[in-house]
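Report on the following structure.
What you see below is based on every heavy atom in this structure, not just the backbone, and it leaves out hydrogens, waters and symmetry mates. Lettering follows sequence order; numbering is per chain, from 1.
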Amino acid sequence: MIFSIILKKLRDAFTDLLPIIVVIAFFQIAVLKQPLPQLGEVLFGALLVVAGLSLFVQGLEMGLFPIGEEMAHALARKGSLFWLLLFAFALGFSTTVAEPALIAVSAEAAHIASEGGLIDSNSDTLRQYAFGLRMSVAFSVGLAILIGVMRIIRGWPLHYLIIGGYIVVMLMTIIAPKEIIGIAYDAGGVTTSTITVPLVAALGVGLASTIRGRSPLVDGFGLIAFASLMPMIFVMGYGLIVFG
Amino acid sequence: MGFLLDFLKILLATCKDVLPIIILITGFQLLVLRQPIPHLRRLIVGGLYVVAGLALFLVGLEKALFPLGKIMANQLSDPVFVYGTSEAVLHADWKAYGWVYLFAAMIGFATTIAEPSLIAVAFKANEVSAGTISQWGLRITVAIGVAFGISLGTFRIVTGTPLYLYILVGYLVVIVQTIFAPKSIIPLAYDSGGVTTSTVTVPLVAALGLGLASTVPGRNPALDGFGLIAFASLFPIVAVMGYAQIMDWRTHRKSKIMEKKNAL
């Protein structure tokens, strides 16, 4: 039973990777016409990625997602604004801290920054820089979900907030050090993947369906949009502190 | 032995990464909702899976996805491959990097079309629009959007033009579209920007950008290397709203023609 579930997950993860494998194989064979260096190691790594991702998603679906969804519903019904907002913030923060893509990219960003001579290259500074990046992103996602929940409760139109956010991003770009701009813009897309999207979407849709006069399809969405906008602003702020 | 030690280190680090979620859930369940945690055993087993899976994924990422992105970037932008000479080239000629743009576009398209969260979004968009937006139509539109976005992003890295100019133009397009797009699709379109960049795509695409910036002459990874993911999360917004607008316009036109026919 468990075995067949894991097998299905493995197959799902493999299907996700298949298009990438096809494209890379096509380029190696038809365009570059040379073998991939370290092929064995890359294949072994790809196997770990598939196994790891399927275990990870299986674990989330077993425990975390049902509980997260149930809690979002229970808190929405409870009707206490304070606890709801606190939960929204904590949910955004804690799911972002565990987001695999963010862990990987922030470590890489620290390497690049040290190679470019922006920060010292000893391992403590590297870790601190990567940690700082992740914390600014996590904090900003927490804040974004909090504002998004306020929006659903109050019924503010989404596009005003998003366009306002775009304007703030552009203003921050003017004052932010140029070494941080690339990673800051990327941070928006990095934050919202495996864990954050399903839990946050459950919170939004659950909330919109318990509040009278809100449609889950129209008001339930939009939380992810905030979660990918806010990190840009905060990472640029982090850059101002570190490089500024 | 070295591998095992690395793995244990990463395993310990992932425990720390997952800790905030555990504190959040137990804290709220016991202190705020004041209820026992349901299915405690499943939660614990699931938690162990999450930690082990995350650690495996991160080890595999270091060994496969990052090197792969960099190797492909290095090979495709190798002066011997691009210019046919091994002499040092001082200024990059953007016209010589056609294969890079094509590779970026294909990776973007391939990873997006199979993306599970996009499939979910397409399903919901079909529901919101009462059937005017077809699921496959939307998925292909978004995949083309991402392909174009990442391809344009590699063009930006090769030319070294400032990222914010591209993003600014993209934002202006989004704002103009927001005015004209059907209201019900707007939140979904904004969300689709975030969901199309998955856990596997992000490291691969990031490594591609960083690799390109380090081999294309005159580029600096710290300044030019990032930004591909930003493109990949902006273009789906434009694509979803654009697709909804076209479909909306087509149904309007169709119903007008029908009215005319009925009037006759």
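- Ranked by heavy-atom pairs under 4.5 Å with chain B, the first of A:E41, A:E179, A:M170 is A:M170.
- Each of A:Q28, A:E70, A:E115 has some count of heavy-atom pairs under 4.5 Å with chain B, and the biggest count is that of A:Q28.
- For the residue pair A:A98 and B:D17, the shortest heavy atom distance occurs at CB-O, 3.5 Å.
- Both the backbone and the side chain of B:L61 come within less than 4.5 Å of a heavy atom in chain A.
- Here A:D186 is the residue among A:I224, A:L223, A:D186 with the most heavy-atom pairs under 4.5 Å with chain B.
- For the set B:L76, B:V18, B:T111, B:L204, the count of heavy-atom pairs under 4.5 angstrom toward chain A peaks at B:L76.
- Contact of A:F226 with chain B is not made at all, since no heavy-atom distance falls under 4.5 Å.
- When side chains are defined from C-beta on, A:H159 counts as touching B:Y190, because their heavy atoms get closer than 4.5 Å.
- Residue A:I183 touches chain B through both its backbone and its side chain, counting heavy-atom pairs closer than 4.5 Å.
- Here the OG-CG distance, from B:S233 to A:L229, works out to 10.5 Å after rounding to the nearest 0.5 Å.
- Counting heavy-atom pairs under 4.5 Å between each of A:V50, A:L18, A:I180, A:L75 and chain B puts A:L75 at the top.
- In this structure, chain B has a heavy atom under 4.5 Å from the side chain of A:S228, while its backbone stays farther away.
- Counting heavy-atom pairs closer than 4.5 Å to chain A, the top residue among B:L163, B:I186, B:T14, B:V205 is B:L163.
- Neither the backbone nor the side chain of A:L43 has a heavy atom closer than 4.5 Å to any heavy atom of chain B.
- Aromatic pair A:F87/B:F28: centroids less than 6.0 angstrom apart.
- For B:L54, the parts sitting under 4.5 Å from any heavy atom of chain A are the backbone and the side chain alike.
- Contacts between B:M72 and chain A at a heavy-atom distance below 4.5 Å involve the side chain alone, from C-beta outward.
- Of the listed residues B:K16, B:R42, B:Q75, the one with more heavy-atom pairs under 4.5 angstrom with chain A than any other is B:Q75.
- Neither the backbone nor the side chain of A:I167 comes within contact range of chain B, judged by heavy atoms closer than 4.5 Å.
- When heavy atoms are compared at a cutoff of 4.5 Å, B:F66 approaches chain A solely by way of its side chain, counted from C-beta outward.
- Residues B:Y166 and B:T161 have side chains that bring a donor and an acceptor to within less than 3.5 angstrom of each other.
- For the 3.5 Å distance criterion, the side chains of A:T173 and A:Y185 qualify, holding a donor opposite an acceptor.
- Both the backbone and the side chain of A:A104 come within contact range of chain B, judged by heavy atoms closer than 4.5 Å.
- With a 4.5 angstrom heavy-atom cutoff, B:I237 touches chain A only via side-chain atoms.
- Contact annotation for B:D191: both backbone and side-chain heavy atoms come within less than 4.5 Å of a heavy atom of chain A.
- Within the 4.5 Å cutoff, side-chain heavy atoms of A:R151 are placed close to those of A:L161.
- Shown here is A:F26, whose CZ atom has more than 12 heavy atoms of other residues, nucleotides or ligands within 6.0 Å.
- With A:S106 contributing its side chain and A:L133 its backbone, the two residues share no donor-acceptor pair below 3.5 Å.
- Using a 4.5 Å cut-off between heavy atoms, B:Q29 touches chain A through backbone and side chain atoms alike.
- Only the backbone of A:E61 comes within contact range of chain B, with heavy atoms under 4.5 Å apart.
- With a 4.5 angstrom heavy-atom cutoff, A:V169 touches chain B only via side-chain atoms.
- Side chains of B:I23 and A:S94 form no contact here, defined as non-hydrogen atoms less than 4.5 Å apart.
- In terms of modelled atom types and a separation under 3.5 Å, the side chain of B:R219 and the main chain of B:S214 share no donor-acceptor contact.
- Heavy atoms of A:A109 lying under 4.5 Å from chain B belong to its backbone as well as its side chain.
- The part of B:V174 that comes within reach of chain A is its side chain, from C-beta onward, which places non-hydrogen atoms under 4.5 angstrom from that chain.
- Of the two parts of B:L210, only the side chain, counted from C-beta on, holds a non-hydrogen atom closer than 4.5 Å to a non-hydrogen atom of chain A.
- Contact of the B:L208 side chain with the B:I107 side chain is not registered, since no non-hydrogen atoms from C-beta on lie closer than 4.5 Å.
- Of all the heavy atoms in A:V97 and B:P20, the pair that sits closest is CG1-CG, 4.1 Å.
- Residue B:I113 does not touch chain A at all, counting heavy-atom pairs closer than 4.5 Å.
- Side-chain contact check for B:Q177 versus B:V173: some heavy-atom pair is nearer than 4.5 Å.
- Using a 4.0 Å cut-off between charged nitrogen and carboxylate oxygen, B:D224 and A:K178 do not count as a salt-bridge pair.
- When each of A:V22, A:I163, A:I181 is scored by its heavy-atom pairs under 4.5 Å with chain B, the top score falls to A:I163.
- Looking at heavy atoms from C-beta onward, A:I175 lies in side-chain contact with A:M172 at the 4.5 angstrom threshold.
- With a 4.5 angstrom heavy-atom cutoff, A:I162 touches chain B only via side-chain atoms.
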